[in-house]
Amino acid sequence: MTLLRRIRLVLPALSLISVFGVLRADEALMPNPGSLNKPERLEWFRDQGFGLFIHWSVDSQLGVVISHSLVGASPEYVDRFYNELPQTFDPDEFKPQEWARLAKLAGVRYMMFTTKHHSGFAMWDTATTPFGVMHTPYHYDITRQIFDAFRSQGIAAGVYYSPDDFYWLRKHGIAINRNIPDVQPSHNPGLLAYDQAQLKELLSNYGKVDALFLDGEAKGLREEAWKLNPDIIVTRGAISTPELNIPGKPAPGAWETCMTMGSAWQYQPQNEHYKSGGELIRMLVQTRAKGGNFLLDVGPKPNGELPIEQEERLREIALWMFVNSDAIYGVRPWVVTNEGDIWFTKKKDSSALYAIVAAKDPWPHAAWKDIVLHSVKATAATKVSVLGQDDKVVEYHPDVTPTTSWHQEKDGLHIRAIRAQRLQDNLHWPNPVVLKITGAEPALAPPQVQTIAASGGMLEGEVLDMGDRQSLEAGFEYRNIAGEDTNARSGVWTATKTVTVTHPGKFSVAIDGLPSGGTYEFRAVIHHPLLDVYGAELKIK
């Protein structure tokens, strides 16, 4: 400890750090104990990389948050929700083949459909409840149509299923709520049996289901799923599934982040702010660079059409994936996730490395760019090219020979490349350009850090490996997660002060002035000249 400079500040007596206990630093990233997901199936899942989430239910007619409006609602609202909404659900423009063709074009490899969200409305032909699509004017099995359409395009079918069921709670005189023991299947044997019966229908009557997303208490349901289909992959309920955020570090093994196109999961015609297509592409890239799958959500309109804003973003992704999908499928993390705005993926057999140039300032058409990759070392077998182009011709520039060149220096691999391919009329294609590099090796050993604990006003971490540095700056980041759903994260990280470390070992930083009434999580971070390296998020109970 004599070589570590510690920062000690006074923490308020009522700080949450001293009031609450903490989870293990790596707990959020660890597979759920007892998982029966087969390793070879998880490898298949990791190779797919890009999935489509579909949130659609009876309350899409109102443009309201899916299901959650029932929590704390008046009896009159609840009665109208359950008695009136099914009478007007009739998606006469529902054409699942159009959804599936668009998803295929966008590079989607698997989908997750909300067969039942928390409200309890069943989007399939079920014998368990009258509150479902078969008791609406539409009166067709939506789940079957969607699965058939996506499978016809070679896209794997996945079931989203909520163990929570507000319809069942109402029927049994239990106040509608979430995330408290009184409403969980484990405290209501009748609800667990009801859920198991519904899950058996979904996993027995609809062909091979490749994946299952259990958005709630999974015990007793995931075991039923593995019994019915030993090859099924349980995502939420058995692997890490962060929501609306991308973790700061690659998690071990398979994991999946789910992301909205705007702020809402289900269709909202107003009060919605969409991310740009470019933002979504960069999120896909960052997720794959960290070894995760990217599950992107759409919310169909009540009539069954996809909103034009969502279609437009899928088509922008489609063009990028048509050119660059080699950098997305069957890849794993490189020795570093990124060097600034350049993100890396590598084929899992190490046959190719991809440097994805995702700068916010677009790479102009017919312009040369000089790039230095500090983490990459060339060999005699190294080759470098730009995905999508032949390095021979630039349209309307006969005087330019667009051949990519490279050479190795002490500070890394130097690459000179040109963006030669014309993808849009105005020449200002704003999205990432991908360099494919073969026959290369790592040029550095990155540092490693882990988050340890938070107690007595101090945040504690440990530098496990200094990598190639004699000195590093280490600190923490924290954010308020109060009011978030179990896996959702929308808060912005706040950085603490840092300490200088000169060898592996523990370090600590004290923080001041956390607002009262919050619930926080933390992560350790070390600042390498090339990138920030993070420890796992640590939650405060």
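Every value quoted in this text rests on a predicted model; they were computed, and no experiment measured them. All values below come from the heavy atoms of this structure, side chains included, with hydrogens, waters and symmetry mates left out.
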Would you please say whether a donor-acceptor pair under 3.5 Å links the side chains of [X] and [Y]?
{"X": "His55", "Y": "Tyr160", "result": "no"}
{"X": "Asp125", "Y": "Tyr206", "result": "no"}
{"X": "Trp124", "Y": "Asn205", "result": "no"}
{"X": "Gln424", "Y": "Asn426", "result": "no"}
{"X": "Glu537", "Y": "Thr451", "result": "no"}
{"X": "Ser60", "Y": "Gln266", "result": "no"}

With sequence neighbours excluded, give me every salt bridge (charged side-chain N to carboxylate O under 4.0 Å, His left out) pair touching [range].
{"range": "residues 182-203", "value": "Lys116-Asp195"}
{"range": "residues 40-52", "value": "Arg41-Asp210, Glu43-Arg46, Glu43-Arg332, Glu43-Lys348, Asp47-Arg332, Asp47-Lys348"}
{"range": "residues 254-271", "value": "none"}

>> Any non-hydrogen side-chain atom of Tyr267 less than 4.5 Å from a side-chain atom of Leu306?
In response: no
Measure from the side-chain N and O atoms of [X] to the backbone N and O of [Y], and report whether any donor-acceptor pair falls under 3.5 Å.
{"X": "His139", "Y": "Met134", "answer": "yes"}
{"X": "Arg236", "Y": "Leu214", "answer": "no"}
{"X": "Ser119", "Y": "Ser67", "answer": "no"}
{"X": "Gln87", "Y": "Thr136", "answer": "no"}
{"X": "Thr287", "Y": "Phe294", "answer": "no"}
{"X": "Gln61", "Y": "Leu85", "answer": "yes"}
{"X": "Asn188", "Y": "Leu191", "answer": "no"}
{"X": "Tyr161", "Y": "Leu202", "answer": "no"}

>> Looking at Tyr520, I'd like to know if the NZ or CZ of Arg479 sits under 6.0 Å from its six-membered ring centre while staying within 45 degrees of the ring's axis.
In response: no
> Think Arg523 forms a cation-pi with Tyr478, using NZ or CZ under 6.0 Å from the six-ring centre and within 45 degrees of its axis?
Replying inline: no
> What pairs of residues pass the side chain to side chain donor-acceptor pair (under 3.5 Å) test when at least one of them lies in residues 147-157, not counting sequence neighbours?
Replying inline: Gln97-Ser152
> Parallel, tilted or perpendicular: which fits the ring planes of Phe81 and Phe131, with parallel below 30° and perpendicular above 60°?
Replying inline: tilted
>> For His68 and His117, take the angle between the two ring planes, folded into 0 to 90°, and tell me which bin it lands in: parallel under 30, tilted 30 to 60, perpendicular over 60.
In response: perpendicular
Do [Y] and [X] have ring centroids that are under 6.0 Å from one another?
{"X": "Phe45", "Y": "Tyr110", "answer": "yes"}
{"X": "Phe53", "Y": "Phe213", "answer": "yes"}
{"X": "Phe113", "Y": "Trp99", "answer": "no"}

Could [X] and [Y] be called an ion pair, given the rule that one side-chain N must be under 4.0 Å from one carboxylate O?
{"X": "Arg313", "Y": "Glu309", "result": "no"}
{"X": "Lys436", "Y": "Asp326", "result": "no"}
{"X": "Lys301", "Y": "Glu93", "result": "no"}

>> According to ring pair (Phe, Tyr, Trp, His ring centres under 6.0 Å), who are the partners of Tyr77, at least two apart in sequence or on a separate chain?
In response: none
> With Phe147, which residues qualify under ring pair (Phe, Tyr, Trp, His ring centres under 6.0 Å), at least two apart?
Replying inline: none
>> I need the Thr128 OG1 to Tyr167 OH distance, nearest 0.5 Å.
In response: 9.5 Å
>> Ser263 and side chain to side chain donor-acceptor pair (under 3.5 Å): which single residue from Glu272, His273, Gln268 fits?
In response: Glu272
> Which heavy atom of Asp141 sits nearest a heavy atom of Met123, and at what distance?
Replying inline: OD1-O, 3.9 Å
